[in-house]
S.K.: 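Handing you this structure, nothing more for now.
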Amino acid sequence: MTSPRDRYGTDVLATDWRAPARGRAVEAPAEKGEVVEEVTTDFCGEIVAVDRDLHTVTLEDRRGSRRTFPLGAGFLLEGRPVILTAPARNPAPARPTRTASGSVAVHGAQARVARQSRIYVEGRHDAELVEKVWGDDLRLEGVVVEYLGGVDDLAAHLRDFRPGPGRRVGVLVDHLVTGSKEKRIADAIARSDIGPHVLITGHPFIDIWQAVKPERLGIGAWPAVPKREDWKRGTCQRLGWPHRDQADIARAWRHVLGGVRGFQDLEPALLGRVEELIDFVTLEP
């Protein structure tokens, strides 16, 4: 209690006198079902989605309107400031009996010594998707997957590799449709001396992202992007995803890839082509 002689009370510096009236923000996991308010827009709603890859949280207000915000500071939970974080991950499930491609899982099997034959894919994202879905199968079969910077580099790669009997090459390219540059390059190689040892196939999509079923990402369809625009950036923009720089595109790709659990999340136009390539390069002479 303050002494009657102490006209100025206790030492004000002994307390956190600079603390905001509502207290300092503390970290809080963004749990679905909780209602929070985003302070800069006054948008108040229930947490309906949290995306770890995009580092965003989606709120839905009482009228059903949804808005997405970056996780972090700037929210009120029960009137107190919080720093929203992604909630803890669920514990790992039991070991699967099937691989992501649908094959029977072989636990404990050692990877086979790499074959001389191999598969080329066009682009890093293509390679990461193939690895995620068919990686277990490819290691078991000893098939190495390399990625091309672009189909224009294919001829040089084949010249260095020198395909032949027992050294087959399967190639997966984007947008392999009649009249495309990719189709002209594929036809020229098929007519060459190495043609019998090279199988070039591909999917009809402009980008490998489109091989992922849109419903897996909570969207109705992949948006149409005019040819004059960069497809990835234009897609992110139309979906309301961050798209300012390459880091945003990389996060968007992790989000797309994260939506893939296995073959069931991919379009058949890609599934059949990859299986065809694996069969081609694992065929014994």
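Computed over heavy atoms, backbone and side chain alike; hydrogens, waters and symmetry mates excluded.
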S.K.: Would you say Glu182 and Asp174 make side-chain contact, with heavy atoms under 4.5 Å?
M.R.: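 No, their side chains stay 4.5 Å or more apart.
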S.K.: Identify the two heavy atoms, one from Ala86 and one from Leu71, that lie closest to each other, and give their separation to 0.1 Å.
M.R.: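 Shortest heavy-atom contact: N-CD1, 3.9 Å.
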S.K.: Between Thr235 and Trp231 (side chain of the first, backbone of the second, donor and acceptor by atom type, cut-off under 3.5 Å), is there such a pair?
M.R.: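 A pair under 3.5 Å: yes.
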S.K.: Could you tell me whether the side chain of Arg216 and the main chain of Gly259 form a donor-acceptor pair under 3.5 Å?
M.R.: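 Side chain of Arg216 to backbone of Gly259: a pair is present.
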S.K.: When you measure from the side chain of Arg168 to the backbone of Phe280, do you find a donor-acceptor pair of N or O atoms at a distance under 3.5 Å?
M.R.: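 A pair under 3.5 Å: yes.
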S.K.: Nearest 0.5 Å, please: how far is CD in Glu131 from CG in Asp136?
M.R.: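 Those atoms lie 7.5 Å apart.
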S.K.: Give me the atom names and distance for the closest heavy-atom approach of Leu199 to Leu277.
M.R.: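 For Leu199 and Leu277, the tightest heavy-atom pair comes out as O-CD2, 3.6 Å.
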S.K.: Can you name the closest pair of heavy atoms from Phe43 and Ser65 and give their distance?
M.R.: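 Looking at all heavy atoms of both residues, the shortest contact is CZ-O, 3.5 Å.
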S.K.: Taking NZ, NE, NH1 and NH2 as the nitrogens, is one of them in Arg118 or Glu146 under 4.0 Å from a carboxylate oxygen of the other?
M.R.: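 The answer is yes: the pair qualifies as a salt bridge.
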S.K.: Taking the ring of Phe205 and the ring of His175, is the distance between their centroids below 6.0 Å?
M.R.: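 Judged by ring-centre distance (under 6.0 Å), His175 and Phe205 do not meet the cut-off.
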S.K.: Are Val256 and Val225 grouped together when hydrophobic residues (ILVMFWY) are joined by side-chain heavy atoms under 4.5 angstrom apart?
M.R.: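 In one cluster with Val256: Val225, yes.
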S.K.: Kindly say whether Ile278 contributes a backbone atom to a donor-acceptor pair with the side chain of Thr282 at under 3.5 angstrom?
M.R.: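 Such a contact is found between Thr282 side chain and Ile278 backbone.
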S.K.: Which pairs, with at least one residue in residues 64-79 and sequence neighbours excluded, count as a salt bridge (charged side-chain N to carboxylate O under 4.0 Å, His left out)?
M.R.: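 Residue pairs with at least one partner in residues 64-79: Glu60-Arg66.
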S.K.: Quick one: do Lys232 and Asp230 satisfy salt bridge (Lys or Arg N to Asp or Glu O under 4.0 Å)? Show the steps, please.
M.R.: CA-CA 6 Å; Lys232 290 185 175 71; Asp230 177 82; over 6 Å; no
S.K.: Would you indicate whether the side-chain heavy atoms of Leu76 and Val82 approach each other to under 4.5 Å?
M.R.: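 Of all side-chain heavy-atom pairs linking Leu76 with Val82, none is under 4.5 Å.
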S.K.: For Pro196 and Ser192, work out which heavy atoms get closest and say how close.
M.R.: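 Shortest heavy-atom contact: CD-O, 4.1 Å.
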S.K.: CD1 of Ile119 to OG1 of Thr201: how many Å apart, nearest 0.5 Å?
M.R.: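 It comes to 11.0 Å.
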S.K.: Should Ile194 and Val173 be counted in the same cluster of Ile, Leu, Val, Met, Phe, Trp and Tyr side chains packed under 4.5 Å apart?
M.R.: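 Yes: a chain of side-chain contacts under 4.5 Å links Ile194 to Val173.
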S.K.: Within 45° of the ring axis of Phe161 and under 6.0 Å from its six-membered ring centre, is that where the NZ or CZ of Arg167 lies?
M.R.: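 Checked: cation-pi criterion met.
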S.K.: I'd like to check Val130 versus Leu138 (side-chain heavy atoms, cut-off strictly below 4.5 Å). Are they in contact?
M.R.: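 Side-chain contact under 4.5 Å: yes.
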S.K.: Which heavy-atom pair separates Lys32 from Val48 by the least distance, and what is that distance?
M.R.: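 Lys32 and Val48 have their closest heavy atoms at CE-O, 3.6 Å.
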S.K.: Where do Thr56 and Thr68 land on the side-chain hydrogen bond (donor to acceptor under 3.5 Å, both in side chains) test, with the steps shown first?
M.R.: CA-CA 6 Å; Thr56 58; Thr68 300; 5.6 Å; no
S.K.: Hydrophobic cluster membership, with links at side-chain heavy-atom distances under 4.5 Å among I/L/V/M/F/W/Y: are Val274 and Leu176 in one?
M.R.: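 Each belongs to a different hydrophobic cluster.
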S.K.: What I'd like to find out is whether the side chain of Ile47 reaches to under 4.5 Å of the side chain of Val36, using heavy atoms alone.
M.R.: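 A side-chain contact exists here, since the closest heavy-atom pair is under 4.5 Å.
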S.K.: In Å and rounded to the nearest 0.5 Å, what is the CG to CH2 distance from Asp207 to Trp253?
M.R.: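 Asp207 CG to Trp253 CH2: 8.0 Å, rounded to 0.5 Å.
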S.K.: Are Glu141 and Val281 side-chain neighbours, meaning at least one heavy-atom pair lies under 4.5 Å?
M.R.: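 When only atoms from C-beta onward are counted, Val281 and Glu141 do not touch, as no gap falls below 4.5 Å.
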S.K.: Is a side-chain N or O of Glu267 found less than 3.5 angstrom from the main chain of Ala269, in a donor-acceptor match?
M.R.: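 No, the answer is negative, given that no donor and acceptor are paired below the 3.5 Å cut-off.
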S.K.: Heavy atoms only: give me the nearest Ile249-Arg233 pair and the separation to one decimal.
M.R.: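 Scanning both residues completely, I find the closest heavy atoms to be CD1-CA, 3.9 Å.
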S.K.: Donor-acceptor pair, distance only, cut-off 3.5 Å: does the side chain of Gln210 make one with the backbone of Ile206?
M.R.: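 Checked: pair present.
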S.K.: Are any of the side-chain heavy atoms of Leu270 and Leu129 separated by less than 4.5 Å?
M.R.: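 Yes - at least one pair of side-chain heavy atoms lies under 4.5 Å apart.
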S.K.: Does Val198 reach the side chain of Val171, with side-chain heavy atoms less than 4.5 Å apart?
M.R.: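 They are in contact (side-chain heavy atoms under 4.5 Å apart), so the answer is yes.
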S.K.: Counting only N and O atoms by type, is there a donor-acceptor contact under 3.5 Å from the side chain of Trp222 to the main-chain atoms of Val212?
M.R.: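 Checking the backbone N and O of Val212 against the side chain of Trp222, a donor-acceptor pair under 3.5 Å is found.
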S.K.: Quick check: does any side chain N or O of Lys132 sit under 3.5 Å from a backbone N or O of Val260, one acting as donor and the other as acceptor?
M.R.: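 It does hold such a pair.
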S.K.: For Glu229, is there an ion pair with Arg238 - N to carboxylate O distance below 4.0 angstrom?
M.R.: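 Yes, Arg238 and Glu229 are salt-bridged.
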S.K.: I'd like to know if Arg184 pairs up with Asp187 as an ion pair, taking the criterion as any Lys NZ or Arg NE/NH1/NH2 lying under 4.0 Å from an Asp or Glu carboxylate oxygen.
M.R.: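 Here Arg184 does not pair with Asp187 in a salt bridge, since their nearest N and O are not under 4.0 Å apart.
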S.K.: State plainly whether one hydrophobic cluster holds both Val145 and Val151, where clusters connect Ile, Leu, Val, Met, Phe, Trp and Tyr through side-chain heavy atoms under 4.5 angstrom apart.
M.R.: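 No, because Val145 and Val151 fall into different hydrophobic clusters, even though each may have its own neighbours under 4.5 Å.
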S.K.: Looking at Lys183, I want to see if its NZ is surrounded by more than 12 non-hydrogen atoms of other residues, nucleotides or ligands under 6.0 Å.
M.R.: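 No, not enclosed.
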S.K.: Verify, without hydrogens or angle tests, whether His243 (side chain) and Trp241 (backbone) share a donor-acceptor contact under 3.5 angstrom.
M.R.: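 Pair found, side chain donor or acceptor close to backbone of Trp241.
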S.K.: So, the side chain of Glu38 versus the backbone of Thr41: is there a donor-acceptor pair under 3.5 Å, distance only?
M.R.: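 At least one qualifying donor-acceptor pair exists.
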S.K.: Any chance you could measure Leu172, atom CG, to Glu122, atom CD, to the nearest 0.5 Å?
M.R.: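 Answer for the CG-CD pair, Leu172 versus Glu122, is 8.5 Å.
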S.K.: Check the pair Asp152 / Lys181 against salt bridge (Lys or Arg N to Asp or Glu O under 4.0 Å), numbers first and verdict last.
M.R.: CA-CA 9 Å; Asp152 294 326; Lys181 174 186 69 176; 3.3 Å; yes
S.K.: Hey, quick one: are Val133 and Tyr147 part of the same hydrophobic cluster, counting side-chain heavy atoms closer than 4.5 Å, chains of contacts allowed?
M.R.: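 Yes, same cluster.
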S.K.: When rounded to the nearest 0.5 angstrom, what distance separates CG in Leu158 from CG in Leu154?
M.R.: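 The CG atom of Leu158 sits 4.0 Å away from the CG atom of Leu154.
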S.K.: Does anything in residues 154-166 pair up under salt bridge (charged side-chain N to carboxylate O under 4.0 Å, His left out), and if so which pairs, sequence neighbours excluded?
M.R.: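 For residues 154-166: none.
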S.K.: Using a 6.0 Å cut-off, check whether atom CZ of Arg124 has over 12 heavy atoms from anything other than its own residue.
M.R.: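 Result for CZ/Arg124: open.
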S.K.: Could you tell me whether the side chain of Phe69 reaches within less than 4.5 Å of the side chain of Phe75, counting heavy atoms only?
M.R.: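 With C-beta onward as the side chain, the pair touches.
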S.K.: As an exercise, state the distance from NE2 of His203 to CG of Leu271, rounded to the nearest 0.5 Å.
M.R.: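 One finds 11.5 Å between NE2 of His203 and CG of Leu271.
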